[in-house]
2 protein chains.
Amino acid sequence: MKRPNSAEGRVRRSRVTSFDVAEAAGVSQSTVSRALAGSPSITDETRARVEAAAARLGYHVDARAARLRSGRTGTLAIVVVGRTGFDPTRVSGFHYALLGSTCAAAAECGYQSLVSFQSDPGEFGWNYFAQGQADGLVVMGTSVNRAAWADLLKTDPEGPVAVWGAPHDDGRWVRADNARGAQLAVERLVNAGYRRIGFLGTVDSEHPQFAERYQGYRETLMHSGLPAIEPFDVSGADRVAGGREAIERLLALPEPPDAVFAANDAIALGALEALDRAGVRVPNDFGVVGFDGLAAGVHAHPPLTTIEPDFAEAGRALVSRIFDPEGEPTRRVPVQLIERGSVRPAR
Amino acid sequence: MKRPNSAEGRVRRSRVTSFDVAEAAGVSQSTVSRALAGSPSITDETRARVEAAAARLGYHVDARAARLRSGRTGTLAIVVVGRTGFDPTRVSGFHYALLGSTCAAAAECGYQSLVSFQSDPGEFGWNYFAQGQADGLVVMGTSVNRAAWADLLKTDPEGPVAVWGAPHDDGRWVRADNARGAQLAVERLVNAGYRRIGFLGTVDSEHPQFAERYQGYRETLMHSGLPAIEPFDVSGADRVAGGREAIERLLALPEPPDAVFAANDAIALGALEALDRAGVRVPNDFGVVGFDGLAAGVHAHPPLTTIEPDFAEAGRALVSRIFDPEGEPTRRVPVQLIERGSVRPAR
DNA sequence: ATGAAAGCGCTAACAC
DNA sequence: GTGTTAGCGCTTTCAT
């Protein structure tokens, strides 16, 4: 049994290698590798001996060597895209939750998660494949960072990629079931007896998620025989402020709505603030439903009723788009109405 | 120039290697390595030639090989510890913020972040060093997960470790400046004219952070000539519910306090709810200060005044404990009073 | 079912 | 300042 790694009889090897385990277990080094990798062609008895020896010596497979040799990394790269010019880690609670779920989903598949927060040109980097750092890439973040999404599209890393939040449809996206969410939200408002239901959020091609929610809002209202209203624009980076301002414009109308479906929870939270300030009683005189299931909504006044995507499923959908590209992976993540308190009881 | 990696003249190499770049640039492979690694012993002219060739061929250093050879990984492992029995990714916004800041701090030092969420025995794993997966380990999370912290202590991974949230003092901790935070909070309440100021939070050896905050609370009150009160216990996994219940007990007292410093924002948020429900007007008749700077506090009713640690510094402190163990790294992260609205103006 | 041998692509020690 | 050489520790053929 040759041991190319070191001369026999040295005082102390710095690291326990598979050769040490092989020697201790009385097998060859390749048997150690196979036994520990769970190869079916190894006797239970041999495997037990190898495992015992490994445990005794405190041996652990060196991931660096395993990766170099096998070409795989067992790692999923996750990039969280923030708003240009802002601290890249100050992303919304929604993206943190989605990040967590994606890490968990990766772990379920035996993958580790390499996480990076990026918001500015110059710090963009999707090059995980060429550098042998990951076997897959998930990019999630705000659609408003045009530069980041454009850069991703341009770079087009050659490896499996899944995306949440991109303003473009390049076939790698996973999204909430926005149509269904809008339907749940609007039906709930209708059933509560609100009669003029508005939509808070910018609707254009750069906000496909919002556009889908608006579309669902329109269709559901039509089915209910109620009028859909032109969306109240919420532009600007600060969604909360945007929600506030939208409500101010809305209340100044001759015939203001008596409820809104907000394109997301940040907008809804701003709306709640402005309504409170204007003395409008929520939910009695005005209903609000958000979208995202933000934790902050729990402590709002009143607590925000919202549409929450199934985060665990969202993580799994992103991961499965990458590691089971054959299977028909979910692109639409199921959503749920979370009753909290910004909509009065159904009639 | 030998190319052990492949016979010359093969049809197509699957991967561009440093040998290809060397050939294209007319230098040796090791010069390519040095040039791209930024070695100072390479001429600007040579480096330029190498970089041009690398760019032309689309070459990128293979991290797997570089790591195997150098023994380093350029990676920081970050473990987020959640509550036993709960979804490991449903951790508080505080820990998500700290996670983000730590990733950012690691990136500042040129390190990548390998993130993992762990909450249950059986899924614990701190073994990043033996497996050659990371050069450092940051563990952060809730002190209530006894099993996790005990397991970390027992396993004692042999490599640089830094910790936030552990109930034990093993010399690797980084924490908020809890004493200073408590002082800022209590002084603010005193200046607003509240006269019976309570503390919401369990104070025992398993909650060193809370104990430090209580200690700071006591000392500041003494300096102000006001009475300190025995802490209102907040046990149970759900801090928000705990805060609610603590307020109920507090209000039932013959001489209830007229303000509280809550050991953290979750407790404070629960307190705010219970006060609202009881018809106590905050901040006019009752002051509340929290701790953590939770985003949810912004939308509470009223918005929660709180003590916020400098997250960016917290991340840097954790990372520097690992990568500059020589320098005297910050163990106490500075805090700041964030005025929001749950304390009335100072007199 | 196991062993022998061949590298994965790079960094670093050593020469010059 | 650059070239030569020797592995890092493993997985994976290919034999047997």
Side-chain angles (χ1 to χ4, degrees), chain A residues 1-7 10 13-23 25-50 53-54 57-74 129-133, chain B residues 1-7 10 13-23 25-50 53-54 57-74 129-133:
Chain A
M1 189 178 322
K2 270 195 303 184
R3 262 186 57 182
N5 291 319
S6 74
R10 281 266 191 70
R13 301 210 63 259
S14 54
R15 190 175 209 290
V16 182
T17 73
S18 50
F19 285 89
D20 300 307
V21 177
E23 196 174 338
V27 295
S28 76
Q29 181 269 341
S30 45
T31 297
V32 172
S33 175
R34 281 190 280 245
L36 265 26
S39 159
S41 72
I42 293 284
T43 323
D44 285 354
E45 194 264 321
T46 307
R47 195 190 314 281
R49 254 205 350 275
V50 170
L57 299 179
Y59 169 77
H60 297 272
V61 173
D62 187 309
R64 293 167 294 219
R67 289 171 182 189
L68 173 57
R69 180 55 237 235
S70 71
R72 287 174 247 109
T73 65
F129 305 114
Q131 295 170 196
Q133 310 220 90
Chain B
M1 189 177 322
K2 271 194 302 182
R3 262 185 58 182
N5 290 319
S6 74
R10 282 264 191 73
R13 301 211 61 262
S14 54
R15 191 174 209 289
V16 182
T17 72
S18 51
F19 285 90
D20 301 306
V21 177
E23 196 174 337
V27 296
S28 75
Q29 181 270 339
S30 51
T31 296
V32 172
S33 175
R34 282 190 282 246
L36 265 26
S39 158
S41 72
I42 294 283
T43 322
D44 285 353
E45 194 263 321
T46 307
R47 195 191 313 280
R49 255 207 344 279
V50 169
L57 299 179
Y59 170 76
H60 297 273
V61 174
D62 187 309
R64 292 167 293 220
R67 289 171 183 190
L68 172 58
R69 179 56 237 232
S70 71
R72 287 174 246 108
T73 65
F129 305 114
Q131 296 172 194
Q133 311 221 89

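In the text below, chain A, chain B and the rest are named by the order of the sequence lines, each starting its count at 1. On a predicted model such as this, the values are computed, not experimentally measured, just so you know.
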Nearest-Å distance for atom pair [atom1]/[atom2], residues [X] and [N]:
X	N	atom1	atom2	value
Phe19(A)	dT11(D)	CZ	P	11 Å
Arg49(B)	dG1(D)	CZ	P	15 Å
Arg72(A)	dT11(D)	CZ	P	9 Å
Leu68(A)	dG7(D)	CG	P	17 Å
Ile42(B)	dA12(C)	CD1	P	13 Å
Asp62(B)	dC8(D)	CG	P	18 Å
Gln131(B)	dT11(D)	CD	P	12 Å
Tyr59(B)	dG9(C)	OH	P	10 Å

Give a yes/no answer on whether the side chain of [X] brings an N or O atom under 4.0 Å of OP1 or OP2 in [N].
X	N	value
Ser33(B)	dT11(C)	yes
Ser18(A)	dC10(D)	yes
Ser28(B)	dG3(D)	yes
Thr46(A)	dT2(C)	yes

Under 4.0 Å, counting only non-hydrogen atoms across every strand here, what does Arg34(B) touch: a base, just sugar-phosphate, or nothing?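 The answer is base, as Arg34(B) lies within the cut-off (heavy atoms under 4.0 Å) of a base atom.
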When all nucleic acid strands are considered with a 4.0 Å heavy-atom cut-off, which category describes Arg67(A): base, sugar-phosphate, or nothing?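 Counting heavy atoms under 4.0 Å across all strands, no contact is made by Arg67(A).
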Does any non-hydrogen side-chain atom of His60(A) lie less than 4.5 Å from one of Gln133(B)?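 No, side chains not in contact.
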On a heavy-atom basis, which atom in Gly132(A) and which in Ala63(B) lie closest, and how many Å separate them?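 The pair with the smallest heavy-atom distance is O-CB, 4.3 Å.
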Counting side-chain heavy atoms from CB outward, which of [options] is closest to [X]?
X	options	answer
Val27(A)	dG9(C), dT11(D), dG3(C)	dG3(C)
Ser30(A)	dC10(C), dT4(D), dA5(C)	dA5(C)
Ser70(A)	dG9(C), dG9(D), dT12(D)	dT12(D)
Ala66(A)	dC10(D), dG3(C), dT11(C)	dC10(D)

Is a side-chain donor or acceptor of [X] paired with a backbone partner of [Y] at a separation under 3.5 angstrom?
X	Y	value
Arg64(A)	Arg69(B)	no
Arg67(B)	Leu68(A)	no
Thr43(A)	Glu45(A)	no
Arg15(A)	Ala130(B)	yes

Can you find a donor-acceptor pair, distance only, under 3.5 Å between [X] side chain and [N] base?
X	N	result
Thr43(A)	dT2(C)	no
Thr31(A)	dA1(C)	no
Arg69(B)	dG9(D)	no

